Undergrad: 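Handing you a structure now.
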Amino acid sequence: MLKKERFRRFIEYFTQHYPEPQTELNFSNPFELLVAVILSAQCTDKRINQISPALFARFPEPESLAVASVDEVFSYIRSVSYPNNKAKHLVGMARTLLERFGGEIPATVEELQTLPGVGRKTAHVILSVVYNEPTMAVDTHVFRVSHRLGLAPLTATTPLAVEKALMAHIPKQYVPKAHHWLILHGRYVCLARSPKCDACALRDFCKYYEKRMGSIVVQ
DNA sequence: ATCCCGAGGG
DNA sequence: CCCTCTGGAT
């Protein structure tokens, strides 16, 4: 199947079944989203949502977080992955927000990436979710699912390469949605370890499924 | 044992 | 490019 047709099928299916996909991280303003996304590295959204209410209540804006001790922030996030690093990142992020951006969440990749704990992926999530900009954040799900569905070439071995491959073929108005579609598909159907191919509506053009079937020995 | 919406540093 | 960080669920 041609690459163009793969993208058409992908967009068609999810437009029909998930017309308005959203992040599963709980938040009520851009600052809370930024905190939640920084915490979400190598951790499930479900876990972030379990600890975020107390965290947001104690640190509702950059001002309180910027003057907090790393130890206290750590105490709120100790159950997520890499709590030491993330506690330092959160305090540093809040201080940088106040010192350089007047406490407002910046709206460019370059400015967002100057914030401690914010890399290309997190920056693009903020731009996509907060500002609805056509940017593709490539996380572990987007990377894996894109390759399995043949939306990214085998030569795209880095997140940036996958990002460019997706951006080259997805119409701008679908980019923010496509980001969520790829994540939802990766989280609930196209699982990393044991993907639920039986429940996948896209398996007829999935390279992973094709290879998987081909490797089964008929007895 | 493997994975979860990675980032920073060497 | 590599490595480290490093908790909880399955």
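Just so it is clear, the model here is predicted, and its values are computed rather than measured. Below, chains carry the letters A, B, ... as their sequence lines are ordered, and counting in each starts from 1.
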Undergrad: Return the minimal non-hydrogen interatomic distance between A/Ile48 and A/Ala36, and the atom names on each side.
TA: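 Minimum heavy-atom contact is CG2-O, 4.0 Å.
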Undergrad: Can you confirm whether A/Tyr208 is buried at OH, in the sense that more than 12 heavy atoms of other residues, nucleotides or ligands lie under 6.0 Å from that atom?
TA: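 Yes, the 6.0 Å shell around OH holds more than 12 heavy atoms from other groups.
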Undergrad: Using a distance-only criterion (donor-acceptor N/O pair, under 3.5 Å, no hydrogens), is the base of B/dC5 paired with the side chain of A/Thr44?
TA: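 A donor-acceptor contact between them is absent.
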Undergrad: Kindly indicate, with the supporting measurements, whether the criterion side chain to side chain contact (heavy atoms under 4.5 Å, CB included) is fulfilled by A/Leu115 and A/Leu34.
TA: CA-CA 10 Å; A/Leu115 300 172; A/Leu34 181 54; 4.0 Å; yes
Undergrad: State the OG-CZ distance between A/Ser64 and A/Phe56, to the nearest 0.5 angstrom.
TA: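 Here the interatomic distance stands at 11.5 Å.
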Undergrad: Quick check: does any side chain N or O of A/Ser146 sit under 3.5 Å from a backbone N or O of A/Ala152, one acting as donor and the other as acceptor?
TA: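 No; zero donor-acceptor contacts below 3.5 Å.
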Undergrad: Could you measure the distance from the SG atom of A/Cys206 to the CE atom of A/Met213? Nearest 0.5 Å is fine.
TA: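 Taking SG in A/Cys206 and CE in A/Met213, the distance rounds to 10.0 Å.
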Undergrad: Hey, is the main chain of A/Pro116 close enough, under 3.5 Å, to the side chain of A/His89 for a donor-acceptor pair?
TA: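 Between the backbone of A/Pro116 and the side chain of A/His89 there is no qualifying donor-acceptor contact (under 3.5 Å).
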Undergrad: A/Leu160 vs A/Arg120, test: side chain to side chain contact (heavy atoms under 4.5 Å, CB included). Steps then yes/no.
TA: CA-CA 9 Å; A/Leu160 183 59; A/Arg120 188 175 183 84; 3.4 Å; yes
Undergrad: Name all residues meeting the ring pair (Phe, Tyr, Trp, His ring centres under 6.0 Å) criterion together with A/Tyr76; count only those two or more places apart in sequence or in a different chain, and write none if there are none.
TA: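 Ring pair (Phe, Tyr, Trp, His ring centres under 6.0 Å) list for A/Tyr76, sorted by chain: A/Phe59.
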Undergrad: When the distance from NE2 of A/His89 to P of B/dA7 is rounded to whole Å, what number comes out?
TA: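 One finds 10 Å between P of B/dA7 and NE2 of A/His89, rounded.
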Undergrad: What residues in residues 123-142 of chain A put a non-hydrogen atom under 4.0 Å from any atom of DNA chain B?
TA: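 Those residues whose heavy atoms fall under 4.0 Å from DNA chain B, taken from residues 123-142 of chain A in numerical order, are A/Val125, A/Asp139, A/Thr140, A/His141.
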Undergrad: Working to the nearest 0.5 Å, report the span between CE of A/Met136 and NZ of A/Lys164.
TA: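 Here the rounded value is 15.0 Å.
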Undergrad: Using whole Å, report how far CD of A/Glu24 lies from P of B/dC5.
TA: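 Computing the A/Glu24:CD to B/dC5:P distance gives 8 Å.
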Undergrad: P atom, B/dC5 versus C/dC2: distance in rounded Å?
TA: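 That atom pair is separated by 24 Å.
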Undergrad: Expressed as a whole number of angstroms, how long is the span from A/Lys121:NZ to B/dC4:P?
TA: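 Distance, rounded to whole Å: 12 Å.
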Undergrad: A/Pro195 and side chain to side chain contact (heavy atoms under 4.5 Å, CB included): which single residue from A/His185, A/Arg203, A/Arg144, A/Arg148 fits?
TA: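 Exactly one candidate clears the test, A/Arg148.
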Undergrad: Write down the distance separating the P atoms in C/dG8 and B/dA7, rounded off to the nearest Å.
TA: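 That atom pair is separated by 22 Å.
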Undergrad: Name the orientation class of the two ring planes belonging to A/Tyr18 and A/Phe14 (parallel below 30°, tilted from 30 to 60°, perpendicular beyond 60°).
TA: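 Ring orientation, 0 to 90° scale: tilted.
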Undergrad: Do A/Arg8 and A/Glu12 meet the salt-bridge criterion of a basic N to acidic O distance under 4.0 Å?
TA: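 Between A/Arg8 and A/Glu12 there is a salt bridge, with a charged N closer than 4.0 Å to a carboxylate O.
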Undergrad: Strictly below 4.0 Å, heavy-atom distances to any atom of DNA chain B: list the hits from residues 157-195 of chain A, or just say none.
TA: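 Of all residues in residues 157-195 of chain A, the ones placing a heavy atom under 4.0 Å from DNA chain B are A/His179, A/Ile183, A/Arg187, A/Ala192, A/Arg193.
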Undergrad: Evaluate A/Leu65 against A/Met93 for side chain to side chain contact (heavy atoms under 4.5 Å, CB included), listing each step before the verdict.
TA: CA-CA 9 Å; A/Leu65 186 56; A/Met93 177 275 285; 4.3 Å; yes
Undergrad: Parallel, tilted or perpendicular: which fits the ring planes of A/His169 and A/Phe7, with parallel below 30° and perpendicular above 60°?
TA: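 Parallel, since the angle between the ring planes stays under 30°.
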Undergrad: So if I take residues 58-88 of chain A and measure heavy-atom distances to DNA chain B, which residues fall below 4.0 Å?
TA: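 Only A/Tyr82 qualify.
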Undergrad: I'd like the 5' and 3' limits of the part of DNA chain C contacted by chain A, with heavy-atom contacts below 4.0 Å.
TA: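 That gives a stretch of C/dC5 to C/dT10.
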Undergrad: Categorize A/Thr122 for me: base, sugar-phosphate, or nothing, with a 4.0 angstrom heavy-atom threshold over every strand shown.
TA: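 A/Thr122: backbone/sugar contact only, no base atoms under 4.0 Å.
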Undergrad: Using whole Å, report how far CD of A/Gln42 lies from C1' of B/dA7.
TA: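 For the pair A/Gln42 CD and B/dA7 C1', the rounded distance is 10 Å.
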Undergrad: With DNA chain C as reference, determine whether A/Lys46 or A/Cys43 sits nearer its 5' end, using the nearest nucleotide of each.
TA: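 Nearer the 5' end of the strand: A/Cys43.
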Undergrad: Any residue in residues 100-116 of chain A with a heavy atom nearer than 4.0 angstrom to DNA chain B? Just list them by number, or reply none.
TA: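 Here the set is A/Leu115, A/Pro116.
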Undergrad: Determine whether a donor-acceptor pair (N or O, by modelled atom type, separation under 3.5 Å) exists between the side chain of A/Asn26 and the backbone of A/Asn49.
TA: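 Looks like no, no N/O pair under 3.5 Å.
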Undergrad: Provide, to the nearest angstrom, the distance between the CG atom belonging to A/Leu39 and the P atom belonging to B/dC4.
TA: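 Computing the A/Leu39:CG to B/dC4:P distance gives 18 Å.
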Undergrad: So what does A/Val37 touch, heavy atoms closer than 4.0 Å: a base, only the sugar-phosphate, or nothing?
TA: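 No contact at all - A/Val37 keeps every heavy atom at 4.0 Å or more from the nucleic acid.
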